[in-house]
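Reviewing the structure listed below.
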Amino acid sequence: CVIKDNTAQESGGGIDCYQSSPEISSTVIRMNTTLNNDSGGISCRLGSSPSISSCEILDNTAGDFAGGIGCYNSSNPIITNCQISGNHAEQWGGGIRCFENSDAEITNCIIDSNSCNYSGGGLLLYKCNPTILNTEIFNNEAGENGGGIHLTISDPFISNCNIYSNIAIDSGADLFCKKSRPIIKNSTKFGDSSLTFDSKFISEGINNTGEIRSDNQFGPCEIVLLSDSFLSPERIGGGYDSIIIDFDSGLLPGSKSIG
C-alpha cells in the first residue's frame with residue numbers, strides 16, 4: 001500500500017504507533033509531514049515496537065525531530081530491508097531518531113540522502129543502544145554534527161556496514177560521538193579509503209582533526225574495534241584512555257590496546 005501526502009499536527013505524519021506494535025510491510029510511506037513535533041514518516045512512542053519490513057520511507061518532513069522514523073521512550077522497532085531516503089527534520093535526526101531507551105534493530109537497510117538542520121543527518125541516537133547490521137549510510141547531511149550518525153550517551157553495535165560520503169557542516173561527517181561507546185565490527189567502512197579516517201570522521205569538538213578525542217566540553221568517547229574493522233592505526237592512540245582495540249587477528253601494526 002501507499003501512505004502519502006498526509007499531515008499531522010504532532011507525531012507521525014504517515015503512521016503514529018502509540019503503545020502499539022503493528023506489522024508494517026511492503027509499504028511506501030512518502031511525502032508526509034508533522035508540523036510541530038516529530039516523525040514525518042513513522043512515529044513509535046511509549047513502548048511501541050512495530051516490525052517494519054520491505055518499506056520505502058521517502059521524502060517525509062518533521063517540523064522538529066526525525067524526518068523518517070522516530071523511536072521514543074522504550075520503543076524498539078525492528079526495521080528490515082527498508083529504504084529510508086530523502087527525509088528531512090528541521091532540528092535533529094533526518095532519517096531516524098532513537099531517543100531514551102529505544103533500542104531499534106536496523107538490518108539490511110539503505111539510509112541515504114536524509115538531512116537535518118542540526119545534528120544526525122542519517123541517524124541520531126540519544127541514550128539508547130540500537131543494533132545496526134548490513135546497512136548502507138551515505139549522502140546524508142547535518143547542519144551541525146554527525147552527517148551519517150550522531151551519538152550522545154549511546155552504545156550502538158554496528159557491524160558489516162558502510163558509512164561514507166556524509167556531510168556535517170561542523171564535525172563528524174560520518175560519525176560523531178558524545179559520551180558514547182559504539183562497538184564497530186566486521187569490515188565497517190568509514191570515509192573514502194578503507195584504511196584511513198575521513199578527515200571529518202570523528203571528533204569531539206569542531207576542529208575536524210580526524211582523531212578519536214576526549215574533550216572536556218563533551219566528555220569521553222570510547223570506540224571498541226572488533227575483527228577487521230577498517231580504521232587507520234596511526235589515527236588511534238595518543239594516550240586516550242577510552243580507546244580499546246581488539247582485533248581478532250591481533251593488533252594492527254603501529255596500534256596498541258589501551259585499557
Side-chain angles (χ1 to χ4, degrees), residues 3-18 28-45 48 50 52 55-73 75 77 79 82-100 102 104 106 109-128 130 132 135-154 156 163 165-178 180:
I3 300 172
K4 181 180 179 183
D5 292 328
N6 300 286
T7 300
Q9 191 72 25
E10 296 294 337
S11 297
I15 299 174
D16 184 14
C17 302
Y18 181 83
V28 177
I29 301 167
R30 185 171 189 179
M31 297 178 69
N32 302 285
T33 302
T34 55
L35 297 177
N36 297 320
N37 206 333
D38 65 86
S39 310
I42 301 175
S43 178
C44 308
R45 298 188 285 151
S48 298
I52 305 169
C55 291
E56 297 178 38
I57 300 163
L58 311 173
D59 304 321
N60 301 284
T61 301
D64 289 333
F65 318 116
I69 301 175
C71 314
Y72 303 95
N73 305 111
S75 295
I79 305 168
C82 290
Q83 181 177 358
I84 301 162
S85 302
N87 303 285
H88 177 74
E90 288 295 311
Q91 295 192 32
W92 294 281
I96 299 174
R97 182 179 188 242
C98 296
F99 185 82
E100 289 193 346
S102 294
I106 303 168
C109 290
I110 295 173
I111 302 172
D112 76 286
S113 305
N114 303 286
S115 62
C116 63
N117 291 342
Y118 294 161
S119 294
L123 297 94
L124 186 136
L125 312 179
Y126 179 80
K127 291 187 178 180
C128 57
I132 306 170
T135 290
E136 300 274 329
I137 302 171
F138 62 96
N139 289 345
N140 301 285
E141 184 169 352
E144 292 184 346
N145 304 308
I149 304 175
H150 186 285
L151 309 178
T152 300
I153 319 175
S154 295
I163 305 171
S165 298
N166 300 287
I167 296 172
I169 301 304
D170 285 348
S171 63
D174 291 318
L175 175 63
F176 182 91
C177 285
K178 180 178 177 180
S180 297

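If you take CG on Leu125 and SG on Cys98, they are separated by 5.5 Å, rounding to the nearest 0.5 Å. Atoms CD and CG, from Glu144 and Asn117 in turn, are 9.0 Å apart once rounded to the nearest 0.5 Å. One finds the OG atom of Ser119 at 11.0 Å from the CG atom of Leu151 (value rounded to the nearest 0.5 Å). The OG atom of Ser48 sits 12.0 Å away from the CD1 atom of Ile15 when rounded to the nearest 0.5 Å. To the nearest 0.5 Å, atoms CG (Leu124) and SG (Cys71) are separated by 11.5 Å. The CG atom of Asn36 sits 11.5 Å away from atom CD of Glu90, with the distance rounded to the nearest 0.5 Å.
Nearest approach of Ala66 to Gly70, heavy atoms of both residues: CB-CA, 3.6 Å. When every heavy atom of Ala89 is checked against every heavy atom of Gly93, the shortest pair comes out as CB-O, 3.5 Å. For Ala142 against Asn145, the heavy-atom pair with the smallest separation is CB-O, 3.6 Å. The two atoms that bring His88 and Ser115 nearest to each other are ND1-OG, 2.8 Å, heavy atoms only.
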Q: Take Ile163 and Leu175 through the test side chain to side chain contact (heavy atoms under 4.5 Å, CB included) and record every step on the way to the result.
A: CA-CA 8 Å; Ile163 305 171; Leu175 175 63; 5.8 Å; no
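Checked by atom type and distance alone, the side chain of Asn114 pairs as donor or acceptor with a backbone atom of Ile84 at under 3.5 Å. For Ser102 (side chain) and Phe99 (main-chain N/O), a donor-acceptor pair under 3.5 Å exists by modelled atom type. Between the side chain of Ser39 and the main chain of Gly12, no donor-acceptor pair closer than 3.5 Å is present. No side-chain donor-acceptor contact under 3.5 Å links Thr34 to the backbone of Gly13. Asp174 places no side-chain N or O within 3.5 Å of a backbone atom of Gly148 that could act as its donor or acceptor partner.
Residues passing the ring pair (Phe, Tyr, Trp, His ring centres under 6.0 Å) test with Tyr72: none are found, sequence neighbours excluded. For Ser113, the side-chain contact (heavy atoms from CB on, under 4.5 Å) partners at least two apart in sequence or on another chain are Asn139. In terms of the side-chain hydrogen bond (donor to acceptor under 3.5 Å, both in side chains) criterion, Glu141 has no residue partners (sequence neighbours excluded). Residues that satisfy the side-chain hydrogen bond (donor to acceptor under 3.5 Å, both in side chains) test with Glu100, not counting sequence neighbours, are absent from this structure. A search for side-chain hydrogen bond (donor to acceptor under 3.5 Å, both in side chains) contacts involving Ser85 returns Gln83, Asp112, not counting sequence neighbours. Ser11 pairs by the side-chain hydrogen bond (donor to acceptor under 3.5 Å, both in side chains) definition with Asp38, not counting sequence neighbours.
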Just list the side-chain donor-acceptor pairs under 3.5 Å for residues 55-63, sequence neighbours left out, or say none.
unit_1 : atom_1 : unit_2 : atom_2 : d
Asp59  : OD2    : Arg30  : NE     : 3.4
Asn60  : OD1    : Met31  : N      : 3.2
Asn60  : OD1    : Asn32  : N      : 2.8
Asn60  : OD1    : Asn32  : ND2    : 3.1
Asn60  : ND2    : Ile29  : O      : 3.1
Asn60  : ND2    : Leu58  : O      : 3.2
Asn60  : ND2    : Asn87  : OD1    : 3.0

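Put simply, the side chain of Gln9 does not reach to within 4.5 Å of the side chain of Asn37, judged on heavy atoms.
Sorted by first and then second residue, the salt bridge (Lys or Arg N to Asp or Glu O under 4.0 Å) pairs involving residues 7-18 (not counting sequence neighbours) are Asp16-Arg45.
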